[in-house]
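The structure under discussion appears below in the form of structure tokens.
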Amino acid sequence: MGQIHIEVFATLDLVGQAPGGPEEDPEGFPFGGWQVPLLHEVSGAQVAAAYEGTDALLLGRRTYDIFAAYWPHQKGGPDDAFADLFNSIPKYVASRGTPDLPWAGSTHLGPDLPAAVREVRDRHERVKVVGSLDLVQTLLQEKLFDRLDLWVHPIVLGVGKKVFDGGAVPTNLTLLEPPATSPKGTVHLRYGLADGTPATGDMGAPDRGLGDTA
């Protein structure tokens, strides 16, 4: 069985909507492209490293449409490495409708999305979920992910779709490596899914609820 990795760009208030440009998801959102002024070669290298070994993409319909209109035309450009990767690997699309999927290697997932995602994970080694916030809610709710890469940017927007927006359930995560920063203040956090649900304690207890830490 492979792994599902969720890759998300977010603000400090965990807005993940339309980071790359105003046309990505414009409805009721005036800050499309908020990530662009915060780009830096350090965080760019972190993102590139996160995609090493990727052998499939799992996308929501809106993200798929954006990618399908862009990446097939980027060969030989500044993002050639990503273009080669994305154009060559299978793309799985979560959509409630019957979408037109013109990008080579694209497959529409069936109506039982959790079951379909499990089949995709069984078929591949490293499946990347990019953006696709509606799809992310389903994966969070079903705990159908193995790793969460979260790039937190030093801005607060106050509006927009959030990373944990209705799909989150009580879940334990473990930090897989120390946080990494970029000179512009972006922090890369890499978490793995852990067993169980969050515990509670009592700050008024003699041991502050920590119990035996051995």
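All heavy atoms count here, side chains included; hydrogens, waters and symmetry mates do not. We count residues from 1, following the sequence as given.
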Say whether, by atom type as modelled, one donor and one acceptor occur between the side chain of Gln17 and the main chain of Asp25 under 3.5 angstrom. yes
Apply the test side-chain hydrogen bond (donor to acceptor under 3.5 Å, both in side chains) to residues Gln3 and His5: give CA-CA distance (whole Å), side-chain angles for both, the deciding distance (0.1 Å), then the verdict. CA-CA 6 Å; Gln3 292 196 342; His5 298 172; 2.9 Å; yes
With Leu57, which of Leu85, Val130, Val127 fulfils side-chain contact (heavy atoms from CB on, under 4.5 Å)? Val130
Are Val187 and Leu14 joined in one hydrophobic group, where the rule is that I, L, V, M, F, W and Y side chains link up if heavy atoms are under 4.5 Å apart? yes
Mind telling me whether Phe86 and Phe67 have parallel, tilted or perpendicular rings, with 30° and 60° as the class edges? parallel
Rounded to the nearest 0.5 Å, what's the gap from CG on Leu101 to OG on Ser95? Could you check? 8.0 Å
Check whether any side-chain heavy atom of Asp149 lies under 4.5 Å from a side-chain heavy atom of Arg147, and answer yes or no. yes
I would like to know whether Asp79 and Trp71 meet side-chain hydrogen bond (donor to acceptor under 3.5 Å, both in side chains); could you show each step before the answer? CA-CA 9 Å; Asp79 295 320; Trp71 287 113; over 6 Å; no
OH on Tyr70 to CZ on Phe82, rounded to 0.5 Å: 11.0 Å
From Leu109 CG over to Glu119 CD, what is the distance, rounded to the nearest 0.5 angstrom? 9.0 Å
Residues two or more places apart in sequence or in another chain: which of them pass side-chain hydrogen bond (donor to acceptor under 3.5 Å, both in side chains) with Lys184? none
Judged by atom type as modelled, is there a donor-acceptor pair below 3.5 Å linking the side chain of His153 to the main-chain atoms of Thr186? no
With sequence neighbours left out, the residues meeting side-chain hydrogen bond (donor to acceptor under 3.5 Å, both in side chains) with Thr11 are Asp13
Min side-chain heavy-atom separation Val152-Leu189 under 4.5 Å: yes
Go through the steps to decide whether Leu175 and Arg190 satisfy the test side chain to side chain contact (heavy atoms under 4.5 Å, CB included), and finish with yes or no. CA-CA 6 Å; Leu175 189 65; Arg190 173 166 288 173; 5.7 Å; no
Does a side-chain heavy-atom distance below 4.5 Å link Val129 with Glu7? no
Please list all pairs meeting side-chain hydrogen bond (donor to acceptor under 3.5 Å, both in side chains) that have one or both residues in residues 44-54, counting only residues at least two apart or in different chains. Gln46-Trp151, Thr54-Lys128
Could you check if a side-chain atom of Leu150 sits within less than 4.5 angstrom of a side-chain atom of Phe9, using non-hydrogen atoms only? no
Does a salt bridge link Arg61 with Asp65, judged by any charged N lying under 4.0 Å from a carboxylate O? yes
Are side-chain heavy atoms of Thr107 and Val93 found at a separation under 4.5 Å? no
Under 4.0 Å between a side-chain nitrogen and a carboxylate oxygen: does that hold for Arg126 and Asp55? no
Applying ring pair (Phe, Tyr, Trp, His ring centres under 6.0 Å) to Tyr64 and His108, what does each step give before you reach the verdict? CA-CA 11 Å; Tyr64 173 84; His108 181 212; 9.9 Å; no
Can you get from Leu133 to Phe31 by hopping between Ile, Leu, Val, Met, Phe, Trp and Tyr side chains that sit under 4.5 Å apart? no
Looking at Gln141, is its backbone amide N or carbonyl O close enough to the side chain of Lys143 to form a donor-acceptor pair, meaning the two atoms are under 3.5 Å apart? no
Report yes if the side chains of Pro30 and Val159 come closer than 4.5 Å at any heavy-atom pair, otherwise no. yes
Are the side chains of Tyr92 and His124 in touch, meaning some heavy atoms are under 4.5 Å apart? yes
Test Leu12 against Ile155 for side chain to side chain contact (heavy atoms under 4.5 Å, CB included), laying out the working first. CA-CA 6 Å; Leu12 276 175; Ile155 56 173; over 6 Å; no
side-chain hydrogen bond (donor to acceptor under 3.5 Å, both in side chains) filter on Thr63, not counting sequence neighbours, yields Ser132
Quick one: list whatever passes side-chain hydrogen bond (donor to acceptor under 3.5 Å, both in side chains) with Asp146, sequence neighbours left out. Arg121
Tell me which donor-acceptor pairs under 3.5 Å the side chains of residues 163-172 have, and how far apart each pair is, sequence neighbours excluded?
unit_1: Thr171; atom_1: OG1; unit_2: Val169; atom_2: O; d: 2.7
unit_1: Asn172; atom_1: ND2; unit_2: Asp195; atom_2: O; d: 3.0
unit_1: Asn172; atom_1: ND2; unit_2: Thr197; atom_2: O; d: 3.1

With side chains defined as the heavy atoms from C-beta onward, is the minimum distance between Leu59 and Leu135 less than 4.5 Å? no
